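Report on the structure given below.
No hydrogens, no waters, no symmetry mates; every other heavy atom, side chains included, goes into these values. As the structure is a prediction and not an experimental result, all values here were calculated from the model.
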Number of protein chains: 2
Amino acid sequence: MHAYADMSTEELELFRVACGFCSLRELCWPMGLEPPELARLHSMIRRSGPLGVGNHLFGVGERFTAIYAVRTGCIKSYSIGADGHELVHGFYLRGEVLGFDAVHPDRHRCNAVILEPSFVCVIPYKDIARLSVEFHSLHNQILRVMSREFSRQLKFADSSVATQRIAAFLMDIHSRLYQPGSAEYEFRLPMSREDISNHLRIAPETLSRLIAKMHRKGLIDVDRRRIRLLNPVRLGLMAQGKHHG
Amino acid sequence: MHAYADMSTEELELFRVACGFCSLRELCWPMGLEPPELARLHSMIRRSGPLGVGNHLFGVGERFTAIYAVRTGCIKSYSIGADGHELVHGFYLRGEVLGFDAVHPDRHRCNAVILEPSFVCVIPYKDIARLSVEFHSLHNQILRVMSREFSRQLKFADSSVATQRIAAFLMDIHSRLYQPGSAEYEFRLPMSREDISNHLRIAPETLSRLIAKMHRKGLIDVDRRRIRLLNPVRLGLMAQGKHHG
DNA sequence: ACCCCGGGCTGACATATGTCAATGCAGTAT
DNA sequence: ATACTGCATTGACATATGTCAGCCCGGGGT
């Protein structure tokens, strides 16, 4: 199950090419930049080696040195609440960018841990800051990514009803995981039930039960982390609280 | 009860002076800027006349034209959820800055409505964007304020327990409202119970009951919108989930 | 002074969710 | 093969919160 173990040589090759040719170009950070900026950006990016499950990218209180783009795998961002419980802020998948939690106090406000074997791109912050003065479009890009981050946090705050949050979560993960060619509505959750329950702020038992209920109603198929959305339309309505039962 | 009606002539005079001399300097947007930036910033700021309760500063979908700093009063930011319920994102008090919800899609994602008679400063965005290229410190300032915004949203997400959220809310509002000279632990909530309950995502009845309970336990004194914190220490512990009963 | 109105409070009840304990089950080591 | 280990599920029960209905009470108009 090691992502880096079953990569083809072609895929490995991809890891060596520039941002301008990167397969994640449309998903990731450089989206919307012009060739000259892309070239400069590429020159400051470092690609990580394979990162093993359980390793941390950064931790609470550490200095803000870089932002990270996920090439492969899944990274969990979390902190520990005053009561000792784990607060999962979010999950970062292929093409997504993390690390912006630390722009202001210059210290990370959360931990970032590898959930699945991952590769990331590392972009030193001071280089970005310097370059963003030079290229106005890059400055806008920073604001854009921060803003996207911002709205992502609000995604599950809407509803106080657990079923809604779960439906929204499943559809969200599906849309972020989906790639043309894979089975349309089937995917594998990269995180444990406990991580999900900490993220959605419900007890793991409640999560289990409600997932089972959605299964019974024919909305989804479940086998451990394997999920299949059988009725995306109803799920979508349910996520918006327009449909109960 | 009109804030602009009982202002002294001195206060009125304050409304005409530059950012560099503004009494909100330490609270507000320009904090941390040097005299040359302050002067430029001041030249692009417009002061609003008195804004009446119920008026909107901006609404969902409107173009992002400016950010706003509250000089006096209270402004509520909210949106309408898919189920039709009002989602209150937050409240903005004296010295606080709003409008950054719209940096990315260039459209406001929420509505901003006046809860108490208010004065604001209006800072056109395109001027800031232009100036932030010129002055690096201003660029940092933008990131800083956005980041503060960001963490504010997470403030009440911690706990799923209503009492904790209420305690945290009261202490938060108190700290933001406090000014030396006023009664140490007494203040007036600028918003209705319904607004609070929409913000904390609990039914207004539950809010009432839990406030009554905190009163019975001697933690606070309540008379309509007037609040007095009798035991801030225990309240703080309660906000962190370290103390129940 | 009186009435009206809206926000706020309270009670009774339904429901959702949390908690504690036990069991199942797959992957891993022995 | 067997036992072990950690995650996931399930059941029984306690509790928190939502819902519906009614009441109170202060402020503003007449």
- Message: Quick check: do B/R188 and B/E116 have side-chain heavy atoms less than 4.5 Å from each other?
- Response: yes
Gap between atoms [atom1] and [atom2], on [X] and [N] respectively (whole Å):
| X | N | atom1 | atom2 | result |
| --- | --- | --- | --- | --- |
| B/L115 | C/dG7 | CG | P | 13 Å |
| A/D223 | D/dA8 | CG | C1' | 12 Å |
| A/D195 | D/dC7 | CG | P | 10 Å |
| B/M191 | C/dG7 | CE | P | 16 Å |
| A/R225 | C/dG27 | CZ | P | 12 Å |
| A/R193 | D/dT9 | CZ | C1' | 10 Å |

- Inter-residue atom distance A/L207.CG - A/T163.OG1, 0.5 Å rounding: 10.5 Å
- Sub-3.5 Å donor-acceptor pair from the side chain of A/H108 to the main-chain atoms of A/A102, do we have one? no
- Does NE2 belonging to B/H85 count more than 12 external heavy atoms closer than 6.0 Å? no
- For every nucleotide of nucleotides 14-28 of chain D, 5' to 3': is a protein heavy atom under 4.0 Å from its base (B), only from its sugar-phosphate (S), or from neither (-)? ---SBBB-----S--
- Item | Sugar-phosphate only, base, or nothing, as touched by B/S208 at under 4.0 Å among non-hydrogen atoms | base
- Message: Against B/F91, only a single residue in B/I75, B/L115, B/L189, B/V70 fulfils side-chain contact (heavy atoms from CB on, under 4.5 Å); can you say which?
- Response: B/L115
- Basic-acidic side-chain contact under 4.0 Å: B/R107, B/E62: no
